[in-house]
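Report on the following structure.
Note that the coordinates shown come from a computational prediction; the quantities given were computed from them, not determined experimentally. Excluded from the calculations below are hydrogen atoms, water molecules and symmetry mates; all remaining heavy atoms, backbone and side chain alike, are included. In listed order, ligands and their atoms are each counted from 1.
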Amino acid sequence: MSQTVAIFSSLLALIFLVAWLRERRQSAREKATQDRELAEVKNRQLTTFAAIEARQQTLFNAMTEGVMVLREDGTVVLANEAFRGLFDLHSDIRDRSLMEAVRFHEVREVYDETLIAGQVQGRELKLPLLEDRTLHVNSAVVLDTRSQRQGMIMVFHDITRIKQLENTRREFVANVSHELRTPLSLIKGCVETLIDGAKDDRDATNKFLGTIEKHANRLTFLIEDLLTLSHLESGHLAMNLEDTELKATVDRVCEDLSRRAEKRGVRLSNNIPADLIVNADSNRLQQVLFNLIDNGIKYGGENGHVVIDAARNKEQNIEVRVADDGPGINWEAQSRLFERFFRADKARSREQGGTGLGLAIVKHIVQSHGGQVWVESEPGQGTRFHFTLRLRNAD
Ligand code: ADP
């Protein structure tokens with residue numbers, strides 16, 4: 001009997017053991033499955049985070065503003081590509097201190113100011129060591145939900161070009177005002193002198209009226225040139241390109257200028273080959289030729305010779321040349337000749353009624369035709385202006 005009980009107990013124990021083992025194996029299997037699932041979720045999360053981070057980084061780098069984020073201790077957390085471009089940085093600046101990363105005390109000053117004020121809005125930074133770059137910066141202290149300081153964000157915008165345009169505009173307005181004021185005050189002076197009694201003297205009256213006419217003309221030319229330039233620069237002026245006979249066009253301009261040339265004893269020679277037909281806006285081309293030939297007459301010296309010729313260049317375009325045998329232009333002045341209101345010889349330009357805009361207009365028109373214009377000159381060796389035009393389409 002007791003043997004039967006013993007066998008039964010052993011059997012029971014064995015059954016329990018098997019059941020326990022099976023349960024353990026089952027729970028180990030379940031745990032493994034759980035671990036695997038957890039790992040997968042984790043992996044998926046990591047992949048999602050990485051994707052989000054990559055997307056943020058891409059967005060961040062796509063921004064035109066330079067952005068830098070700093071920790072509370074002033075070290076760099078991140079900086080986008082635009083920021084690195086603005087400050088000419090070529091290495092990784094993460095984890096560096098602000099001054100190590102960006103060696104400009106001007107930026108450090110904005111940082112300090114932001115720490116005190118909480119934010120800095122629209123401060124301008126001029127960086128002479130970075131090609132005179134001008135940056136506009138906004139910065140703010142970053143706080144967490146408990147208003148604890150976490151760090152700082154600084155956003156930089158490159159406004160160098162805007163500043164340059166502002167300067168050009170300011171200079172232009174100052175120049176125009178000066179150019180208008182000079183003939184106006186001369187006219188006013190003449191009128192006052194006439195009123196004060198000079199009108200009773202016939203010779204004096206004629207002299208003053210002559211001066212008034214000269215300066216009134218100068219004002220008219222100036223306003224006409226300003227309007228032309230403004231039209232050209234607006235980009236709204238379409239060039240009416242058509243087949244244009246070059247030699248005939250030069251003949252027309254020489255005819256218009258013949259009296260002026262005669263007065264100064266200047267000979268005009270049109271050496272353009274008869275068969276050249278260019279693709280150009282005929283009226284605008286006349287304006288270019290008029291300004292260049294007129295300058296040859298005005299500045300080339302009395303009894304001089306102005307020669308106009310043209311030939312195909314190696315790009316198979318037409319290169320037109322207007323050459324005089326006058327005093328020439330010095331090197332320094334040559335590089336600025338096509339700027340508005342620039343004059344190599346101020347007194348001569350004024351005396352000749354020049355507006356200082358002729359060559360700026362020439363440059364605009366030639367460029368609007370897809371061509372180029374340049375000058376060659378040496379003091380005492382005359383001046384040669386060159387510009388290129390396209391041949392008519394079929395050629
Ligand atoms: P302006 O109305 O004064 O003639 P331009 O723009 O036509 O203005 O020319 C600018 C300056 O370039 C002139 O004032 C003059 O000093 C110089 N210049 C232009 N053409 C010649 C030339 N053929 N020889 C010498 N100087 C010239």
Exercise. Within a radius of less than 6.0 Å around CZ of R252, do more than 12 heavy atoms belonging to other residues, nucleotides or ligands occur?
Worked result: yes

Exercise. What ring pair (Phe, Tyr, Trp, His ring centres under 6.0 Å) pairs are there with at least one residue in residues 106-160, not counting sequence neighbours?
Worked result: F83-F156, F87-F156

Seminar exercise, completed: Grouping ILVMFWY residues whenever side-chain heavy atoms fall under 4.5 Å, the cluster of I162 otherwise contains I159

For this session: Using a strict cut-off of less than 4.0 Å between a Lys/Arg side-chain nitrogen and an Asp/Glu carboxylate oxygen, indicate whether K188 and E192 qualify as a salt bridge.
Result: yes

Problem set entry | ligand 1: protein residues within heavy-atom distance under 4.0 Å | N295, K298, Y299, D324, I329, L337, F342, R343, A344, D345, S349, G354, T355, G356, L357, G358, L359, T383, F385

Exercise. Can you list the residues that meet the ring pair (Phe, Tyr, Trp, His ring centres under 6.0 Å) rule with F385, with sequence neighbours excluded?
Worked result: none

Problem set entry | Atom CD of E242: over 12 foreign heavy atoms under 6.0 Å | yes

